[in-house]
Amino acid sequence: MENSNNQYYVIAYYYYTNLPDAEELVPKHLAFCKEIGIRGRIYIAQEGINGTISGTVEACETYMNHLKNDPRFSGIEFKIDEHHEHAFNRIHVRHKQEIVHSGLRNPKEIDPTVETGKHLSGKEFEALKEQEDVVIIDVRSNYETRLGRFKNSVTLDIETFREFPNKVAELEQFKDKKVVTVCTGGIKCEKASAYLLKQGFKDVYQLHNGIIGYAKETGGKDFDGSLYVFDGRVSVPVNHVNPTAIASCKKCGTPTFRNLNCANVECNEQFNMCETCGAEMEGACSDACKVHPRKRPYNGTGYYTRPSIEELQHQH
Ligand SMILES: [Zn+2]
Ligand SMILES: [Zn+2]
């Protein structure tokens, strides 16, 4: 897509399915990923699987076929981006109670395989959002919507999706409207839209495959800023029709599409900074962080892998 040097894939996927042996599946899945050279972050729970991975095209094809050929994952869909290298430094496969943490005291209260919002393709969403009585609810976190969001969408001041159920009271006024939930890849919307229906919202939709899918299927019209992603790319462009930067550089205030983690490992704050200021500040959020002894070398991306538990144990 970008150029012919892209011999890697970055793939996002999730699938709600019944995995009673989720815990035993984890070491097997990890061994398989290591064997074929897949890196990334994969969560497995009784309710399904959720992952973002990177690997060579060949390794990724092997991985996708492996899942697709397993009857438990037969309906799985993969969102594939081309890339020139791995987007992760390591592979993590973890067992979780939920593949995305709903924040509900009783997570079983909702089951997206039983009842959830109506799925809209990117094209259907693009058409529906033009209607007057439609409200777009972005269920992502504040640092994500700060970097990019749909024009006229409702955003929530939440740090994590766990806080979503507590924010639903703020959405009461939209109960009788057509409500469409949006998120990065669609996984949160499965639960968010199911929960809205449980709370008495009447006409609930969700953007299937999320903003990533919308970007692939359409020109990304009316998405302002860029899409925050949880891998080495940090953020990716969405809109090729009417793009507008909405975050402002922490230092000079110019609108920017860029998001960085502070280079000082002890700060690690998320902030927006233009390319020029980022280089000048060596990836630090402040003058204090710039001269901090634990400042990491800045490679221009503002992405740093978290130290592993083993590395932390060596440090302390
Ligand atoms: Zn700047
Ligand atoms: Zn800092």
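One-based numbering, in listed order, for ligands and for the atoms of each.
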Trainee: On the six-membered ring of Tyr304, is Arg296 placed so that its NZ or CZ lies under 6.0 angstrom from the centre and within 45° of the ring axis?
Mentor: yes
Trainee: Determine whether more than 12 heavy atoms belonging to other residues, nucleotides or ligands lie under 6.0 Å from atom CD of Glu24.
Mentor: yes
Trainee: Within a radius of less than 6.0 Å around CD of Glu275, do more than 12 heavy atoms belonging to other residues, nucleotides or ligands occur?
Mentor: no
Trainee: Quick one: list whatever passes ring pair (Phe, Tyr, Trp, His ring centres under 6.0 Å) with Tyr13, sequence neighbours left out.
Mentor: Tyr63, Phe78
Trainee: Does atom CD of Glu23 have more than 12 heavy-atom neighbours from other groups under 6.0 Å away?
Mentor: no
Trainee: With sequence neighbours excluded, what pairs up with Phe161 under the ring pair (Phe, Tyr, Trp, His ring centres under 6.0 Å) test?
Mentor: Phe164
Trainee: Tell me how many protein N, O or S atoms are closer than 2.8 Å to the Zn ion (ligand 1).
Mentor: 4
Trainee: Should the pair Asp133-Lys177 be classified as a salt bridge under the 4.0 Å nitrogen-to-oxygen rule?
Mentor: no
Trainee: How many N, O or S atoms of the protein are nearer than 2.8 Å to the Zn ion (ligand 2)?
Mentor: 4
Trainee: Using a strict threshold of under 4.0 Å (side-chain N to carboxylate O), is an ion pair present between Arg233 and Asp81?
Mentor: yes
Trainee: Decide, yes or no, whether a salt bridge links Glu266 with Arg294 under the criterion of side-chain N to carboxylate O below 4.0 Å.
Mentor: yes
